[in-house]
Amino acid sequence: MVPQRLRLLRWYRAAVRPGDASPLNLVMVQSTTFCNIDCSYCYLPNRDSKGRFDLARLPLLLKKLDAAGLVGLEFSLVWHAGEPLVLPADYYRQAFETVKRSLGERVRIRHSFQTNAMLVTEEHCKLFKEYGASIGVSIDGPDFVHDRFRRTRSGAGTHAQAMRGVELLRSQGIPFTTISVVTADALPHADEIFDFLVGLKPLEIGFNVDELEGENLSSTLTGAESQYRAFMKRIMDRALTTKGAPTVRELKQAFGAVQGSVFGATAVSSECNPLSILNVGIDGRLTTYSPELLDSKHPVFGDISFGTIESVDFTKLFDEPKFIQVHEEVMAGVEKCRDTCGYFDACGGGAPSNKLAEHGTFAATETAFCRQKYKITTDLAHEHVVARLAEVGRARVKA
């Protein structure tokens, strides 16, 4: 008998070599592109548009995914792009129930929100608890760091409002993670940022870099990689020496890559594997690979979407010339990374969206994003492991 996992993915495996990541790990839905604030480093367009994704389209999307064998036993459904909590709790309750009716109990759906926390209400909290939704809060640190870039359209800081939302989550017993964007302004303040984030008592701390992508046409970190390295080194030192500190996402990934390399493991990037990530636009357009590609343009291919919910046939994507061209260019970039980069096992080929933003093609290798996100943190993890092994060796010699 063919195992269910292999049976589900048979058509996919015929087009993508065995060993690559399985499809449909994550479905990211733009419930709205509107955002209640105007962060100066945001890469998303259409943040003034108040439209919303029509939930009547969800059953057809899920039916097509299931019919194509792309739905396994579980996947994550992330509501992101714009500020999702602009919409009321009842919108998401309807969405969650629609998903449940469409897929039944055999599929475990992990619903997630990434929010600036300013619009969290008690009704939202009831929703989160009822469905076990995961919450990520975007907050950059203490007010003097956060309010430098995360402002309202009138230019006012947003830190106080974000903290009200965080306190509401905490008072309701709702766990959350945090993501902070690291800008040049943040680099001298690693200790203040770390202490602030630890004080929020999140499950995990994550750091995104101020990256050149989409609407964000420049990065404050350009030319500041040595300072960024010092920032992350300090974060690592504090994380490893602070009792009860939450996990730091980047360090967990970096130490995992170092450990994996010792045992010959090879990293696989979901962002480089078609249909491992499915991005659903507010208008029903569909893209894959990096979530940021939903609103990106390619100099040759133009709009990178491969259809709409109504037009797509997932089983025939590899018969579509445009899809094949995009896939082949992404794979060409992965192979160049594999052939030329000693850090390949830390990232599996990088993020196509950053390659496109920085080089104008997917068939590229190193980006500023990968130097900051992967190379620097992997180096720090490696140096720490080597230093600890040396300490252990010296201790044993003395003994």
Side-chain angles (χ1 to χ4, degrees), residues 20-21 25-26 41 43 179-184 186-187 206-233 235-236 248-261 265-274 276-277 279 287-293 296 298-299 304 326-327 329-384:
D20 284 348
N25 292 323
L26 182 153
Y41 48 53
Y43 64 87
I179 292 179
S180 305
V181 177
V182 181
T183 62
L187 297 180
F207 292 99
N208 287 354
V209 295
D210 176 16
E211 56 193 290
L212 190 158
E213 192 169 52
E215 295 286 292
N216 191 33
L217 301 179
S218 62
S219 168
T220 61
L221 296 180
T222 301
E225 287 185 6
S226 62
Q227 295 96 317
Y228 177 80
R229 188 186 194 283
F231 174 89
M232 288 306 300
K233 175 66 164 60
I235 294 293
M236 183 178 77
V248 176
R249 181 188 62 186
E250 284 66 34
L251 301 181
K252 179 174 69 175
Q253 293 168 348
F255 280 111
V258 171
Q259 180 182 17
S261 67
T266 300
V268 177
S269 170
S270 292
E271 292 190 48
C272 294
N273 285 273
S276 183
I277 298 173
N279 313 306
T287 65
T288 187
Y289 308 110
S290 306
E292 296 83 1
L293 292 178
S296 297
H298 190 285
I304 307 169
V326 171
H327 176 64
E329 189 172 292
V330 170
M331 289 299 101
V334 172
E335 292 307 314
K336 287 182 179 180
C337 289
R338 190 193 308 273
D339 293 342
T340 63
C341 183
Y343 295 81
F344 183 82
D345 286 345
C347 73
S353 59
N354 293 97
K355 292 181 180 183
L356 180 65
E358 295 189 32
H359 297 294
T361 177
F362 298 127
T365 54
E366 185 184 72
T367 62
F369 173 81
C370 80
R371 287 195 300 273
Q372 296 156 358
K373 190 73 172 179
Y374 296 110
K375 294 187 176 184
I376 287 174
T377 53
T378 302
D379 281 346
L380 290 172
H382 177 261
E383 290 165 10
H384 177 79

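The model shown is predicted, which means the values in this text are computed figures rather than measured ones.
- Under the 3.5 Å distance criterion, the side-chain polar atoms of Arg249 are matched with a main-chain donor or acceptor of Phe207.
- A pairwise comparison of heavy atoms in Asn279 and Pro291 identifies OD1-CA, 3.2 Å as the closest pair.
- In this structure His384 satisfies the ring pair (Phe, Tyr, Trp, His ring centres under 6.0 Å) test together with Phe255, sequence neighbours excluded.
- Under the rule for a side chain to side chain donor-acceptor pair (under 3.5 Å), the partners of Tyr343 that lie at least two apart in sequence or sit in another chain are Asp379.
- Qualifying ring pair (Phe, Tyr, Trp, His ring centres under 6.0 Å) partners for Phe369, counting only residues two or more places apart in sequence or in other chains: none.
- Among residues two or more places apart in sequence or in another chain, the side chain to side chain donor-acceptor pair (under 3.5 Å) test is passed with Glu358 by none.
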Test log, rule side chain to side chain contact (heavy atoms under 4.5 Å, CB included), inputs Thr377 and Lys252 = CA-CA 10 Å; Thr377 53; Lys252 179 174 69 175; over 6 Å; no
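- By the ring pair (Phe, Tyr, Trp, His ring centres under 6.0 Å) test, Tyr228 is found to be paired with no residue, residues two or more places apart in sequence or in another chain being considered.
- Taking each heavy atom of Lys355 and Cys337 in turn, the nearest pair found is NZ-SG, 3.2 Å.
- Atom CZ in Arg371 sits 14.0 Å away from atom OG1 in Thr378 (nearest 0.5 Å).
- Residues passing the side-chain contact (heavy atoms from CB on, under 4.5 Å) test with Ser353 are Glu213, Glu271, Ser290, Glu292, Leu293, Ala351, sequence neighbours excluded.
- Every residue two or more places apart in sequence or in another chain was checked for a side chain to side chain donor-acceptor pair (under 3.5 Å) with Lys336, and none qualifies.
- Shown here are the side chain to side chain donor-acceptor pair (under 3.5 Å) partners of Gln227, two or more places apart in sequence or in another chain: there are none.
- Rounded to the nearest 0.5 angstrom, Tyr374 OH and Cys341 SG are separated by 11.5 Å.
- Nearest heavy atom pair, residue Cys272 against residue Gly350, reads SG-O, 3.2 Å.
- Phe362 is linked by a ring pair (Phe, Tyr, Trp, His ring centres under 6.0 Å) to His298, counting only residues two or more places apart in sequence or in another chain.
- A donor and an acceptor atom, one from each side chain of Asp210 and Thr220, are located under 3.5 Å apart.
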Step-by-step side chain to side chain contact (heavy atoms under 4.5 Å, CB included) determination, Ser296 to Leu356 = CA-CA 9 Å; Ser296 297; Leu356 180 65; 4.1 Å; yes
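- Scanning for salt bridge (charged side-chain N to carboxylate O under 4.0 Å, His left out) contacts around Arg229 gives Glu383, with sequence neighbours left out.
- Taken from CD1 in Ile376 to CZ in Phe231, the straight-line distance is 12.0 Å, to the nearest 0.5 Å.
- For the atom pair CG of Leu212 and OG1 of Thr222, the computed distance is 7.0 Å after rounding to the nearest 0.5 Å.
- For His359 (side chain) and Thr367 (main-chain N/O), no donor-acceptor pair under 3.5 Å exists by modelled atom type.
- Nearest heavy-atom pair, Cys347 versus Ser269, reported as atom, atom and distance to 0.1 Å: O-CB, 3.2 Å.
- The only member of Ile277, Val330, Ile304, Asn273 that meets side-chain contact (heavy atoms from CB on, under 4.5 Å) when paired with Tyr289 is Val330.
- Atom CD of Glu335 is separated from atom OG1 of Thr365 by 13.0 Å, given to the nearest 0.5 angstrom.
- Inter-residue side-chain proximity for Leu187 and Leu221 is flagged as met; some heavy-atom pair is nearer than 4.5 Å.
- Looking at Phe344 and Val334, their side chains come closer than 4.5 Å, going by heavy atoms from C-beta outward.
- Atom CG of residue Leu26 and atom OG1 of residue Thr288 lie 10.0 Å apart, to the nearest 0.5 angstrom.
- Contacts of Glu329 classified as salt bridge (charged side-chain N to carboxylate O under 4.0 Å, His left out), with partners at least two apart in sequence or in another chain: none.
- Annotation: salt bridge (charged side-chain N to carboxylate O under 4.0 Å, His left out) contacts of Glu250 (sequence neighbours excluded): Lys373.
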